[in-house]
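Let me begin by presenting the structure, written as structure tokens, before commenting on it.
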Amino acid sequence: MGRTAVKSVLASGGFDVVAGFDVCAVGTDIGILAGCEPAGVCVSDVSEIAEVLRTVRPDVVVDFSQAQACVKNSKTVASARANMVIGTTGFSKGELGQLKKNLAGVGAVISPNMSVGVNVFWKLVGKAAENLKGYDVEVVEAHHRFKKDAPSGTAKKAVEAIKAAVGESRVVCGREGDCMRKAGEIGVHSIRAGDIVGEHTVMFTTLGERFELRHVAHSRDSFASGIPAAIRFVKGRKGIYDMGDVLGLR
Ligand SMILES: NC(=O)c1ccc[n+]([C@@H]2O[C@H](COP(=O)([O-])OP(=O)(O)OC[C@H]3O[C@@H](n4cnc5c(N)ncnc54)[C@H](O)[C@@H]3O)[C@@H](O)[C@H]2O)c1
């Protein structure tokens, strides 16, 4: 995703890419890594992030890494008075709390899915849940075999939208054995297979009918579609936002 983010930012124009960080590929030009023309900026080891940020003084840092790493990076980035766009997922409740604490003095857009389509999907899921109270709700998500976290951040956010509409519910991740569906449950099911980019279906079912909302990402470019807009939005702002704010989907 780091490469996809670089590609989308370079293609969208109007930005100076001044640094890149990772624990691997250190010293490689980030444009070449992203499959574009050389950008004249090489990947720095993330252990040097504080010094590099002091030198290049970015307005915004984009993070697609891993939950623990992102929490750590956010502290350093906020100390450098830069804002953040965070696409990383898989935060525990405690990590998310710490992340928001670290970002208290700066601005950040945090979204487990930057695709415009998925942000519209979340909004429609909330609307459907509001209008289909009492229906059985099941969320099914599918991703590639390398994905580290489950359920996906996108599925969790769909569950939040459903809960906001129907009230506190019991979330059941997968079912096995003696586990007949109880009223008010939200079932969540994760498939991990091959190279599936990302698919999410929410089923609202009752006796006699089923209504489904489904989003399918055909390529990682779909996730990148919102990144330049999120960077423009957060530059110079304070506070924590999500892609709903960026896209005006409130
Ligand atoms: N928001 C979205 O639209 C969206 C879309 C896809 C994936 N994601 C999430 O983005 C994250 C990255 O996904 P991915 O598929 O690129 O994973 P990946 O494992 O391919 O890439 C993660 C990268 O982070 C690097 N890394 C590890 N520790 C680091 C650190 N301390 N600082 C900087 N970089 C570090 C790794 O070396 C690796 O290159 C995951 O949490 C994933 O769920 C978000």
Side-chain angles (χ1 to χ4, degrees), residues 1-9 19-28 30 33-35 41-53 58 61-78 80 82 84-92 95-96 98-99 102 108-122 141-158 160 190 192 194-200 215-231 233-234 241-247:
M1 276 310 298
R3 288 193 289 254
T4 308
V6 168
K7 196 168 136 200
S8 81
V9 165
F21 302 96
D22 205 317
V23 292
C24 54
V26 173
T28 313
I30 60 170
L33 259 184
V41 174
C42 292
V43 176
S44 301
D45 194 303
V46 76
S47 64
E48 292 160 12
I49 186 169
E51 313 159 41
V52 177
L53 293 184
V61 174
V62 179
D63 189 299
F64 283 88
S65 59
Q66 291 166 5
Q68 273 185 348
C70 177
V71 173
K72 199 169 163 209
N73 292 340
S74 67
K75 198 166 181 200
T76 317
V77 174
M84 289 193 86
V85 170
I86 295 175
T88 303
T89 66
F91 299 107
S92 65
E95 285 168 339
L96 196 59
Q98 187 60 50
L99 180 70
N102 292 350
V109 172
I110 306 175
S111 178
N113 200 311
M114 300 278 172
S115 124
V116 176
V118 160
N119 280 273
V120 173
F121 169 78
W122 284 325
E141 58 101 342
H143 283 88
H144 50 90
R145 62 164 72 142
F146 305 106
K147 184 160 177 63
K148 295 194 174 71
D149 53 319
S152 69
T154 303
K156 285 187 191 163
K157 193 139 175 169
E160 274 174 35
S190 298
R192 293 291 174 266
D195 58 357
I196 300 170
V197 175
E199 302 185 5
H200 294 85
H215 180 274
V216 178
H218 293 181
S219 82
R220 302 204 125 205
D221 291 346
S222 70
F223 303 129
S225 61
I227 296 172
I231 297 171
F233 175 90
V234 84
Y241 304 92
D242 64 19
M243 284 303 288
D245 300 304
V246 175
L247 299 169

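Not measured: the values here are computed from a predicted model. Both ligands and their constituent atoms are indexed starting at 1 by order of listing.
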Note to self: Tell me whether Glu141 is salt-bridged to Arg192, with the criterion being a basic N under 4.0 Å from an acidic carboxylate O.
What the structure shows: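 A salt bridge links Glu141 with Arg192.
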Item checked: CG on Asp242 to CE on Met114, rounded to 0.5 Å ->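 Interatomic distance, Met114 CE to Asp242 CG, rounded to 0.5 Å: 9.5 Å.
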Note to self: Can you list everything that forms a salt bridge (charged side-chain N to carboxylate O under 4.0 Å, His left out) with Lys7? Sequence neighbours excluded, please.
What the structure shows: Asp221
Notebook entry, point to check: Looking at residues at least two apart in the chain, or sitting in another chain, which of them share a side chain to side chain donor-acceptor pair (under 3.5 Å) with His215?
Noted result: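 By the side chain to side chain donor-acceptor pair (under 3.5 Å) rule, His215 matches no residue at all.
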Notebook entry, point to check: For Thr89, which residues count as a side chain to side chain donor-acceptor pair (under 3.5 Å) partner, sequence neighbours excluded?
Noted result: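 Only Asp149 meet the side chain to side chain donor-acceptor pair (under 3.5 Å) criterion with Thr89.
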Protein N/O near ligand 1 N/O, under 3.5 Å, which pairs?
| unit_1 | atom_1 | unit_2 | atom_2 | d |
| --- | --- | --- | --- | --- |
| ligand 1 | 1 (N) | Gly87 | O | 3.1 |
| ligand 1 | 1 (N) | Ser111 | O | 3.1 |
| ligand 1 | 1 (N) | Pro112 | O | 3.1 |
| ligand 1 | 1 (N) | Asn113 | N | 3.4 |
| ligand 1 | 3 (O) | Met114 | N | 2.9 |
| ligand 1 | 15 (O) | Arg220 | NH1 | 3.1 |
| ligand 1 | 15 (O) | Arg220 | NH2 | 3.0 |
| ligand 1 | 16 (O) | Met1 | N | 2.8 |
| ligand 1 | 19 (O) | Lys148 | NZ | 3.3 |
| ligand 1 | 32 (N) | Asn73 | ND2 | 3.3 |
| ligand 1 | 37 (O) | Asp22 | OD1 | 2.5 |
| ligand 1 | 39 (O) | Asp22 | OD1 | 3.4 |
| ligand 1 | 39 (O) | Asp22 | OD2 | 2.7 |
| ligand 1 | 41 (O) | Thr89 | N | 2.9 |
| ligand 1 | 41 (O) | Thr89 | OG1 | 3.3 |
| ligand 1 | 43 (O) | Thr89 | OG1 | 2.6 |
| ligand 1 | 43 (O) | Lys147 | NZ | 3.1 |

Margin query: Contact between Pro112 and Lys156 at the side-chain level, heavy atoms closer than 4.5 Å - yes or no?
Written below: no
